[in-house]
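Here it is, the structure, as C-alpha cells.
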Number of protein chains: 2
Amino acid sequence: MTLGRPAGQKGTKRLPTTQRSPNCGDPLVSLMPRVDVRVVLFMVSVGRALVALQADSTRWALPRGSPTQAESLDAAATRILTDTVGFAERYLEQLYSISHRSEGDWTVTVTYIALALAGAGGPPPNMAAWFDAVDLPDMNSVDRKIVDYALVRLRAKIGYTTIAFHLLPPSFSLSELQMVFEVVLGHEVDKRNFRRRIHAAGVLEATGDTRREGRHRPARLYRFRASHDAGACLVPGWTFGTELEATTL
Amino acid sequence: MTLGRPAGQKGTKRLPTTQRSPNCGDPLVSLMPRVDVRVVLFMVSVGRALVALQADSTRWALPRGSPTQAESLDAAATRILTDTVGFAERYLEQLYSISHRSEGDWTVTVTYIALALAGAGGPPPNMAAWFDAVDLPDMNSVDRKIVDYALVRLRAKIGYTTIAFHLLPPSFSLSELQMVFEVVLGHEVDKRNFRRRIHAAGVLEATGDTRREGRHRPARLYRFRASHDAGACLVPGWTFGTELEATTL
DNA sequence: GCAAAAGTGTTGTGTATACACCCATGG
DNA sequence: CCATGGGTGTATACACAACACTTTTGC
C-alpha cells in the first residue's frame with residue numbers, strides 16, 4: 001500500500017503537456033484520469049446482430065457513464081444501459097480496459113459486453129438506436145475498436161460457452177437457437193451437427209410444448225437449464241459483492 | 001445507420017456529478033476514483049510457481065503503481081515491474097479490472113498477469129520477494145483474490161496458448177518445458193502425449209545442440225518459434241499504440 | 001398433394017488418452 | 001554394469017465434419 005514510488009517518478013514521467021481535467025484548475029489534475037465504463041450491448045433480431053449506440057454530438061457512440069463509489073463496475077455497466085438505452089441486459093461480461101486520450105481528456109475506460117433480448121425494451125429512448133454490428137455508422141475510433149473487439153470475443157465465446165441463450169427468450173426452438181449462432185458467427189452451420197452438439201452439452205430441457213407458425217410442422221420448445229451449465233466456471237470468482245457475472249435469467 | 005442524431009441528450013444525460021481530482025481540496029473528491037495498476041508476476045523456479053510480492057506496511061502486496069497519461073496501461077504495468085521488483089517481464093496480459101474501497105480510498109484497479117524468467121533479475125530489490133503461488137503469505141484480500149484468479153487464468157491459458165515458453169530461457173529441453181507445465185498445472189502429465197502435442201503444435205525448432213547434465217543421455221535443445229504461433233490471434237488488436245500484448249521475446 | 005420447416009443417423013477423419021520399453025551417458 | 005533421465009509407438013475412445021431423407025403441418 002506504499003502508494004507507488006513517491007512523487008519523484010511521476011514528475012519525471014509527466015509530459016510537458018500539462019493536461020487539465022475539465023473542472024479543476026490544478027495542473028496536477030492530469031495525474032488523475034477520468035474513469036468511464038462503456039458497454040457494447042448486442043441483440044439479435046430479424047437475422048442480424050445489432051449493437052446499441054447513442055447519439056453523440058455529431059456521431060454515434062457507445063453507451064457510457066462514470067462509475068460511482070457505491071457500485072461495482074459491473075453494476076455501473078448495468079446502470080448505464082438502463083440510463084442510456086433503456087435496456088436491461090441479460091448477460092454482462094467485462095471485456096478490456098484501456099487508457100486513452102480522446103476529446104481532450106485522459107480517460108481510463110473499462111469496457112463491457114452485454115447481451116439483450118430482441119424486442120424486450122420497447123423503442124430505444126434517449127437518442128439511442130440499434131445498428132448492424134458489422135456495418136457500423138460513423139463513430140469515434142476508440143468506440144469502433146471496442147465494438148470490433150467485442151464482436152470478436154462474442155464470436156469466440158459463443159462456441160464454448162452458453163452465452164447464446166441470453167440472446168433468446170426463456171423458451172425457444174432449436175431452429176431459433178441455430179439462427180442466433182449463424183447470425184453471430186456470420187456463416188451457416190449444419191443442422192444435424194448443431195443439434196447433436198447442443199443436446200450433448202446437456203444444458204437444454206424440453207418445455208413439453210410446441211409452437212406452430214406457418215404451414216409446417218410445429219417446433220418443440222426448450223429452455224436453458226443454467227444449473228447444468230459447466231461454462232460458468234471460467235469467470236472470476238471475485239465479483240466483489242453483489243452481482244453475478246453471468247446473469248442467468 | 002441513420003446517422004447524426006443531435007446533441008440534446010448529452011446535456012440532459014450528464015449527471016450533476018461535477019468530478020474533482022484529489023488535489024483540488026474539494027469534498028466531492030470521492031467522485032473521482034484513484035486508478036492503479038497491479039501486476040501478478042509469475043516465475044517458475046526449482047519446481048515451484050512463484051509470485052513476486054513487495055513488502056507493504058505490515059503485509060505483502062502485489063507490485064502496484066499509478067499509470068500516467070503518457071503511457072498505455074500495458075506500459076504502466078511494465079514500468080511498475082521494473083520499479084518495484086526490478087524484473088523485466090517477458091509476457092504481459094491484462095487480467096481484469098475492479099472498483100473497490102480499500103485502505104480508505106476508492107480505487108479502480110486494472111490487473112495484469114506477467115511472466116518472467118527464473119534467475120533473470122538478480123535478487124529482488126526494494127523489499128520484494130518471491131512466494132509460492134499456492135502458499136501465499138499474509139496479504140490484503142483484494143490482492144489475494146487477484147493472485148488466485150491470475151493462477152486460474154494462467155492454468156487455463158497454458159493449455160491452449162504458448163505462454164509457457166515465456167517461463168523458459170531461449171533454449172530449453174523438452175523435459176524442462178514439461179516441468180513448467182506440471183508446476184503450473186499442479187499435476188503430472190504423460191511424457192509421450194506431452195511431446196506429441198508439443199511437436200504437433202509446430203512452434204518448436206531444434207537448436208541442433210544438446211545439453212549434458214548428469215550421468216545420463218544429453219537432452220536436445222529447442223527454441224520457440226513465435227512466427228509459427230497461431231495463438232496470438234486471440235488478443236485484442238487494439239493495444240492503442242506502442243506495445244504488443246504478447247511480448248514474444 | 002405440395003410447400004415449408006422440423007427432425008433424425010451413419011461414416012470417416014482427426015485428436016486425446018492410456019500405457020512400457022530402449023537409448024545414451026557418467027560414474 | 002548400473003543408475004539416471006532422454007526419447008519413442010500403438011491401440012482405443014471420443015469429438016467433429018460431411019452428408020440426404022422422412023415427418024408434420026397449413027393451405
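Below, chains carry the letters A, B, ... as their sequence lines are ordered, and counting in each starts from 1.
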Atom pair distance, as rounded to whole Å: CD in Gln178(B) and P in dT8(D):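 One finds 13 Å between P of dT8(D) and CD of Gln178(B), rounded.
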Donor-acceptor pair (no angle test) under 3.5 Å: Arg217(A) side chain, dT23(D) base: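 Flag set: donor-acceptor pair detected.
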More than 12 heavy atoms of other groups within 6.0 Å of Arg212(B) CZ: no
Spacing of Tyr160(B) atom OH relative to dA16(C) atom P, expressed in whole Å: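 Roughly 15 Å, once rounded to whole Å.
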Phosphate OP1/OP2 of dT8(C) contacted by Arg220(A) side-chain N/O (<4.0 Å):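 Yes, because at least one side-chain N or O of Arg220(A) sits under 4.0 Å from OP1 or OP2 of dT8(C).
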Arg196(A) or Arg215(A), whichever maps to the more 5' nucleotide of DNA chain C: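 Nearest-nucleotide comparison on DNA chain C picks Arg215(A).
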Length of the line joining Lys191(A):NZ and dC19(D):C1', which is rounded to integer Å: 13 Å
Whole-Å distance separating the CD atom of Glu182(A) from the C1' atom of dA5(C):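 After rounding, the gap between these two atoms is 13 Å.
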Expected output: side-chain Thr111(B) to main-chain Tyr96(B) donor-acceptor under 3.5 Å: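 Flag set: sc Thr111(B) to bb Tyr96(B) pair under 3.5 Å.
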Nucleotide dA17(D), atom P - distance to CG of Leu185(A) in whole Å: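 Distance check: Leu185(A) CG to dA17(D) P gives 12 Å.
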Nucleotide nearest Arg195(B) (side chain, heavy atoms from C-beta), chosen from dG7(D), dT25(C), dG26(D): dG7(D)
Earlier contact from the 5' end, DNA chain D, for His216(B) and Leu221(B): His216(B)
Euclidean distance, atom CD of residue Glu213(B) to atom P of dG5(D) [Å, nearest integer]: 10 Å
Value in whole Å for how far the C1' atom of dC16(D) lies from CD1 of Ile198(A):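 In whole Å, dC16(D) C1' lies 14 Å from Ile198(A) CD1.
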For atom CD of Glu188(B) and atom C1' of dA18(C), their distance in whole Å: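 That distance rounds to 15 Å.
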N or O in side chain of Ser175(A) less than 4.0 angstrom from dA6(C) OP1/OP2: yes
Audit row: Val39(B), Thr84(B), side-chain contact (heavy atoms from CB on, under 4.5 Å) steps and yes/no: CA-CA 10 Å; Val39(B) 189; Thr84(B) 57; over 6 Å; no
Pair Asp135(A) + Arg48(A), salt bridge at N-O below 4.0 Å: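 Answer for the salt bridge query: no.
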Side-chain donor/acceptor of Glu182(A) to backbone N/O of Val189(A), under 3.5 Å: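 Looks like yes, one N/O pair under 3.5 Å.
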